[in-house]
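See below for the structure under consideration.
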There are 2 protein chains.
Amino acid sequence: MNGVLDDRGAQVLRHVVEDYIETAEPVGSRTISKKMGQQLSPATIRNIMADLEEMGYLVQPHTSAGRVPTSSGFRYYVDYLLARRRLARPERDQLQRMAAGEAGSASADEVVRQFSRLLSSLSRQACVVVVSRLSSQPLRSLNLLRAGVDRILLVSVTQAGWVEHRLIEGERDLSADDLVKINAYLNELAAGLSLPQMRVKILQEMKKEKARYDRLMQRALLLGARALDEGSPAEVYVEGRANILDKPEFVEDVQKLKRILRAFEEKSIIVRLLDRALEEEAIQVSIGTENPVESLPDISVVASGYRLGEATMGSIGLIGPVRMDYSHVIPLVEYSARLLSSVFEHR
Amino acid sequence: MNGVLDDRGAQVLRHVVEDYIETAEPVGSRTISKKMGQQLSPATIRNIMADLEEMGYLVQPHTSAGRVPTSSGFRYYVDYLLARRRLARPERDQLQRMAAGEAGSASADEVVRQFSRLLSSLSRQACVVVVSRLSSQPLRSLNLLRAGVDRILLVSVTQAGWVEHRLIEGERDLSADDLVKINAYLNELAAGLSLPQMRVKILQEMKKEKARYDRLMQRALLLGARALDEGSPAEVYVEGRANILDKPEFVEDVQKLKRILRAFEEKSIIVRLLDRALEEEAIQVSIGTENPVESLPDISVVASGYRLGEATMGSIGLIGPVRMDYSHVIPLVEYSARLLSSVFEHR
DNA sequence: GATTAGCACTCGGGGTGCCGGAGTGCTAAA
DNA sequence: TTTAGCACTCCGGCACCCCGAGTGCTAATC
């Protein structure tokens, strides 16, 4: 009675979880007995279920109701009982076709958004979210453009094709020619570096220039340093919000719904939810209360980072009720993340 | 009996609408009689209400229930009965402070997003949507940057500070120097023109260059033409989706909710909803079935275009149930649109 | 000793019936 | 023309009951 299950217990738990995933209703002993081909009578199943309840894997919403898996029940299921199903052919194909289609043409954020859409519609079950972080990627180019009498636009393009721009205020006295020179200079510095590396480089370079005392180049470095100081915020894309309205557990409780929708509007919350997936290589599954946002104890997150070479670029994941079809959703996310990585790899 | 109301009828209609806006419940004759200071007894009110029902301004959900305004009831109210309230001081202040704060610093799309957020939270009542159209704005600059072995990034900055970029495929043989030259050339052409004007200019210029036969410049023009051919899609920002969950009329009907949330995920639908506001100078109010999307007969849209000089830049509006506090929401949107225009004006 | 059949028990949900209140329309009186 | 009065309607809430699904326990069976 230490949390480890014998084979029978495990099988029962598996069936309870799977039935519950399907029906969203408490599962009774009869149902399980039938599912297991009557090897065991309902009465026996009841005993086993009582044990499982004692161990915290199941709960009864009320006496004389069937059982419902707890978060730890789901956790046990995911960790030990899940049949690692391969992805169904048509889904693989769809994802691959999309990847192939997007690979060449669209801009990077469009690629990500398309993936997010498709993944949300394939999983039906949940909402798709994609976060991405720019700073770690190596740059392709860095350019300053005039964007107003006293503002300048810094456009950075990474090797993977991400484009980011930010404004720098209060620069009125640089001519178009100056900017061209500065661009040439900065680009020489930038090639292949990531933004933080670039920052370091600039600081080094500033010391040198001080000696040489080239006013324009010094100016260039100052501008670069200022722009990079701010750090780039994550981008968040949420698709398929409406899917949560297909889940009875949410529709029955408007408060939950509201909390979730509100969360979708807060970038920082989404980022927190998918943060873990950025660090780790493997897919991350946070079930119910396990997820890092305490105010959302009824949702699960299945997410995986995607990468470009060494650096993690972002993470893609599904958000939905704890009652999720993990055996479907996990390979789906895994595969998508891998595809996404490879799309960016071949750019 | 031709749709025009005498004073008494109008007053009764006004009170029914206002009470219904407040309570979301059918309104009875007693309530109205009280609201009107007992000048008329409930019985009289009942007669008047029966007339209003006959004229199509009110309906009874069932016999022995109070009355609910129809879409035409709301329409009549908005057109003739609405006390054009001025905006409350604190709301004006908040909007103004925001405008002042954003004016200088942020990039244009950030400004719009902030407005959208604030407007959604001030109106509580509904969701905020902003659409914006780039093509008509005069350009400040146009730049080509290398973004991959065989792709080039076109970055256009408008005078109002909107930044847009798009990729051009299959250009491998232009050196960085070439790009600099091309940029200088294009920028000379571009100054002060809008994208479509630019297109025309480029076509003219192409004829000339053909004569001169300058290969690089011809190349530049081709690139420019290709990039501009595609036309820029509208940007859509939706904020405060969760607010619709505060409206009992939506929460009671999950199907409606789903339709609305789905609509929010379709750019094209949102654009259709706010389209009218782009054309007209004045604020646009579409009540219930009046709005251009037939599949959403239970929502109203209050929207207004905002402009930069002559050209309309986009429109900002609220989406919510037909039962909206128009007397509050209309000035709110009007004022926001005006502020937004002025923010962009002073750039 | 494990399994199972049997049985008593519990609880939620759905259906029914009843009542009260809010509201109406109509009529007749003011 | 307005209004008081009255009969009528219908919704919503409440109590009630019953049924079914499910349980736990016990005693018999393998």
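Given the structure is predicted, the values throughout are model-derived calculations rather than measurements. As a basis for the values below, the full set of heavy atoms in this structure was taken, side chains included, without hydrogen atoms, waters or symmetry mates. Letters A, B, ... mirror the listed sequences (proteins, then strands); counts begin at 1.
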_Between A/R8 and A/Q11, a side-chain donor and acceptor under 3.5 Å_ = no
Quickly work out the [X] [atom1] to [N] [atom2] distance and round it to whole Å.
X: A/D51; N: D/dG24; atom1: CG; atom2: P; result: 10 Å
X: B/D19; N: C/dG23; atom1: CG; atom2: C1'; result: 14 Å
X: A/E53; N: D/dT23; atom1: CD; atom2: P; result: 10 Å
X: A/I48; N: C/dT3; atom1: CD1; atom2: P; result: 7 Å
X: A/H62; N: D/dA21; atom1: NE2; atom2: P; result: 13 Å

*B/P42 or A/Q60: which one's nearest nucleotide on DNA chain D is closer to the 5' end?*
B/P42
Quick one: is [N] close enough that its OP1 or OP2 comes under 4.0 Å of any side-chain N or O from [X]?
X: A/R46; N: C/dA5; answer: no
X: B/S41; N: D/dT2; answer: no
X: A/S64; N: D/dA21; answer: no
X: B/T63; N: C/dT24; answer: no

*Tell me, please, which residues at least two apart from B/Y20 pass ring pair (Phe, Tyr, Trp, His ring centres under 6.0 Å).*
none
_Heavy atoms only, 4.0 Å cut-off, all strands: where does B/Q39 land among base, sugar-phosphate and nothing?_
sugar-phosphate
Quick check for you: among [options], whose closest atom lies nearest to any side-chain atom of [X]?
X: B/R8; options: C/dG12, D/dT2, D/dT3; value: D/dT2
X: B/R67; options: C/dT4, C/dG25, D/dA4; value: C/dG25
X: B/A50; options: C/dG25, D/dC11, D/dT2; value: C/dG25
X: A/L40; options: C/dT4, C/dG25, D/dC11; value: C/dT4

*With side chains defined as the heavy atoms from C-beta onward, is the minimum distance between B/I319 and B/F264 less than 4.5 Å?*
yes
*Any idea which heavy atoms bring A/R262 and B/A242 closest together, and the distance?*
NE-CB, 3.6 Å
_Interface with DNA chain D, restricted to residues 20-33 of chain B and to heavy atoms under 4.0 Å_ = none
